[in-house]
Amino acid sequence: AQTVTQSQPEMSVQEAETVTLSCTYDTSESDYYLFWYKQPPSRQMILVIRQEAYKQQNATENRFSVNFQKAAKSFSLKISDSQLGDAAMYFCAYRSAWGSQGNLIFGKGTKLSVKP
Amino acid sequence: GAGVSQSPSNKVTEKGKDVELRCDPISGHTALYWYRQSLGQGLEFLIYFQGNSAPDKSGLPSDRFSAERTGGSVSTLTIQRTQQEDSAVYLCASSLRPTTDTQYFGPGTRLTVL
């Protein structure tokens with residue numbers, strides 16, 4: 001079974017600085033998808049970034065980028081120029097590319113605080 | 001366009017009562033998922049619907065939990081004889097297709113069982 005581990009329960013960053021959130025996963029599959037979701041206090045899970053395992057190029061979305069290391073099974077999220085609105089819970093998630101189900105497997109999350 | 005909606009936003013019930021939670025997916029999305037988010041267990045998959053096919057119930061924690069999806073659209077998650085350990089946030093998500101497409105989440109229903 002696949003597992004996702006986020007080893008940092010809480011992180012803090014100064015506004016305008018850069019922070020990196022860690023995520024590792026365990027799988028025997030070669031084809032899969034990885035995601036970072038943000039969950040603010042409103043509870044709404046918002047997709048931050050998505051990575052297809054077959055793509056070697058790291059995904060980027062504006063201030064958000066990932067460092068995808070397939071051999072190491074690592075998928076970290078870098079937030080540049082941190083803003084107060086970035087404060088939230090961040091969840092790393094895995095989804096198999098095989099089978100018909102496609103449910104997400106989540107890590108325990110990292111709570112990010114942004115200091116003004 | 002409209003996102004995934006869920007109702008009610010919050011539900012407080014007494015132990016032993018039945019509750020129904022509703023999810024309205026994004027129009028045209030064939031795949032629908034229910035997840036549970038609790039302090040002790042994190043985010044867990046509960047059940048998956050694809051169109052009008054029989055659901056994948058592999059994540060349901062007990063037979064007190066059931067779900068249906070009418071007309072391939074709206075879904076209802078029912079918890080019978082609620083227990084205190086059922087207290088959690090129940091999240092619904094939908095995607096255009098099950099495996100390749102991004103899942104979009106609703107705001108969730110916070111269930112409190114007294």
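By convention in this document, chain letters (A, B, ...) are assigned in the order of the sequence lines, proteins followed by strands, and residues within each chain are numbered from 1.
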Next item on the list: Measure A:Gln39 against the heavy atoms of chain B and call it side chain, backbone, both or neither at under 4.5 Å.
Entry: side chain
Item checked: Approximate separation, where rounding is to 0.5 Å, of A:Gln44 CD and B:Gln6 CD -> 8.5 Å
Note to self: Has A:Arg43 got a side-chain atom pairing as donor or acceptor with B:Gly106's backbone, closer than 3.5 angstrom?
What the structure shows: no
Check: Less than 4.5 Å apart, any side-chain heavy atom of A:Arg95 and any of B:Gln103?
Finding: yes
Note to self: Any non-hydrogen side-chain atom of B:Leu43 less than 4.5 Å from a side-chain atom of A:Tyr37?
What the structure shows: no
Is it true that [X] and [Y] fall in one hydrophobic cluster, defined by side-chain heavy atoms closer than 4.5 Å?
| X | Y | value |
| --- | --- | --- |
| B:Tyr33 | A:Ile105 | no |
| A:Leu112 | A:Phe91 | no |
| A:Phe75 | A:Met11 | yes |
| A:Leu47 | A:Tyr25 | no |
| B:Phe49 | B:Leu21 | yes |

Contact part of [X] toward chain A, heavy-atom cut-off under 4.5 Å: side chain, backbone, both or neither?
| X | answer |
| --- | --- |
| B:Glu44 | neither |
| B:Arg97 | neither |
| B:Ser53 | neither |

Note to self: Quick check on the 6.0 Å ring-centre criterion: do A:Phe106 and B:Tyr35 meet it?
What the structure shows: yes
Crowding at [atom1], [X] (>12 non-hydrogen neighbours, <6.0 Å):
| X | atom1 | value |
| --- | --- | --- |
| B:Lys11 | NZ | no |
| A:Lys78 | NZ | no |
| B:Leu39 | CG | no |
| A:Asn62 | CG | no |

Note to self: Could you walk me through whether A:Asn103 and B:Tyr48 satisfy the side chain to side chain contact (heavy atoms under 4.5 Å, CB included) test, starting with their C-alpha distance in whole Å, then the side-chain angles of each, then the deciding distance to 0.1 Å, before giving a yes or no?
What the structure shows: CA-CA 8 Å; A:Asn103 64 288; B:Tyr48 156 69; 5.8 Å; no
Margin query: One pair to check against side chain to side chain contact (heavy atoms under 4.5 Å, CB included): A:Leu104 and B:Phe105. What are the steps and the verdict?
Written below: CA-CA 12 Å; A:Leu104 293 163; B:Phe105 284 79; 3.9 Å; yes
Check: If you tally heavy-atom pairs under 4.5 Å against chain A, which of B:Thr102, B:Val4, B:Leu91 wins?
Finding: B:Thr102
Check: So which of B:Pro107, B:Gly59, B:Gly42, B:Gly108 has the largest heavy-atom pair count under 4.5 angstrom toward chain A?
Finding: B:Pro107
